[in-house]
Amino acid sequence: MAGLPEHGLDADAILAELHAKRAHDARWAEGRTFGMVYDGGHSVHEVAARVAQEFLHENALNTIAFPSLGEIQREVCEWTASMFHAPEGAAGFMTSGGTESILCAVKAARERGRAERNITEPEMVLAESAHAAFHKAAHYFGVRVHKVAVRADWRADVDAMAARVNDRTVLVVGSAPQYPQGVIDPIPELAALAASLGASMHVDACMGGFVLPFMEMLGYAPSSPWDFRVEGVTTISADIHKLGYAPKGASVLLHRTKQLRQYQTFVFDDWLGGFYASSGIQGTRAGLPMATAWAVMRHLGVEGYRRLTRSVVETRERMVDGIRSIDGLAVLGEPEAQIVAMSAGPGSDIDVFAVGDALHRRGGWVLDRQGPPDTLHATVSAGNTAVVGEYLDDLVASVAEVRGTRADDRSTNYATLE
Ligand SMILES: *Cc1c(COP(=O)(O)O)cnc(C)c1O
């Protein structure tokens, strides 16, 4: 095991070392990744980089010391609340990402169940398409999960979920859209189910939060209403660091009322260090991603998001059409926003994992392997628009190259440890 070198290096030498380390990193700036990095374009990079310089060291642990960060958080929450048609009095916090938003939503539902319904053994009901972060939350917070199979169209099966609720249910989950196939769950029916129990209803709009509102402005109707206009929805999560185009470390969790938001927070004043209140999982809290998220939202405005959303939806439509025109390839479900799940069609001689490997060799394209069933997952963002034609050409060539063969490695790879 190597120790920290005795002598330090100057910035030029350090950057040279880091440059070498990055030789094999995904080429996101060339539009080669369909996930992980979402590129809003040059002006967005410039705004984020300049603001990051300014907020490199700020700490949102204490907004008395840094009132700017308190104001930034308040404004970001107000802007997103208005995007999601929240009623007056809605309130939220920024978090470090979708996972933290979901952890906080589950924790809030658990606390609410304890306070309002005396539930000591909390349970939640979700579709098998709901994000892994809900299972992480269940694991952290001791909530029992009822995981229910999706319908043939990949949406949550409300009747099957209704059969799994009981008087210990604190949370019902729906997604807009869900991550694996990009379809929107029947949110009004799920919210009615939650409300009938006095339970919370979380809408996971980590992916859709910065796409669906602008699609609606462009005249695309979602298969189901999903935001606070739906009675019974108590919390919504939306990731600014995905299609909000902000640097990593920024998401929002909104509650329908400020009173519901109280179930998210932790307040403590019985140690030697003084009053301690925190909104989420973190203690010391980087101001950098909060400020850059605020800045990117302020830079793009509604107009900018509408423009980027239009290009995302048109690119997704081209991808779907391109995939469906290749014999033996299929798109799962009817993608509603920016996600496209590509699989082999029935009786096909194509292994999509082999196609994914060939795409990577051929053009450096990065798509997640997921399943079941074996699927290549693409989240389209504005950075992919310029290269989608090249991608589809490489897809045709890759399918021709590997048709009839099978990749030995069958592992999927949404997230890794080391
Ligand atoms: C990305 C994502 C999450 C998790 O967010 P992180 O920012 O990766 O922690 C949760 N739900 C959905 C639908 C997502 O797409």
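Small disclaimer: the values here were computed from a predicted structure and weren't measured. In listed order, ligands and their atoms are each counted from 1.
- In summary, the aromatic rings of W226 and F84 are positioned with their centroids under 6.0 Å apart.
- For ligand 1, the atoms closer than 4.0 angstrom to any heavy atom of I102 are 10 (C), 11 (N).
- Contacts with ligand 1 closer than 4.0 Å are made by side-chain heavy atoms of D204 only, the backbone lying farther away.
- Relative to the ring axis of F353, R369 places its NZ or CZ within 45° and under 6.0 Å from the centre.
- Only side-chain heavy atoms of C206 come within less than 4.0 Å of ligand 1; its backbone N, CA, C and O stay farther off.
- By the 3.5 Å distance cut-off applied to N or O atoms, G98 is counted among the residues near ligand 1.
- Only the side chain of K242 comes within 4.0 Å of ligand 1, judged by heavy-atom distances.
- Looking at F134 against ligand 1, nothing comes within 4.0 Å, counting heavy atoms.
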Sequence neighbours left out, cut at 3.5 Å: what donor-acceptor pairs do the side chains of residues 129-150 make with other protein atoms?
from : atom 1 : to   : atom 2 : distance (Å)
H131 : ND1    : A133 : N      : 2.9
H131 : NE2    : Y414 : OH     : 2.7
H146 : NE2    : E123 : OE1    : 2.5

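- Classification of the F266-F268 ring pair by plane angle, with boundaries at 30° and 60°, yields parallel.
- When the shell of 6.0 Å around CG of N62 is examined, it contains more than 12 heavy atoms from other residues, nucleotides or ligands.
- For ligand 1, the atoms lying closer than 4.0 Å to a non-hydrogen atom of D239 are 1 (C), 5 (O), 7 (O).
- Ionic pairing of R410 and D374 is present here: one or more N-O contacts between side-chain nitrogen and carboxylate oxygen are shorter than 4.0 angstrom.
- Taking every non-hydrogen atom of Y414 and a distance limit under 4.0 Å, the qualifying atoms of ligand 1 come out as 1 (C).
- In this structure, H241 counts as a contact residue of ligand 1, since one of its heavy atoms falls inside 4.0 Å of the ligand.
- Electrostatic pairing of R155 and E189 does not count as a salt bridge here, judged by no charged N lying under 4.0 Å from a carboxylate O.
- Taking distance alone, with nitrogen or oxygen atoms compared against 3.5 Å, T99 approaches ligand 1 more closely than that limit.
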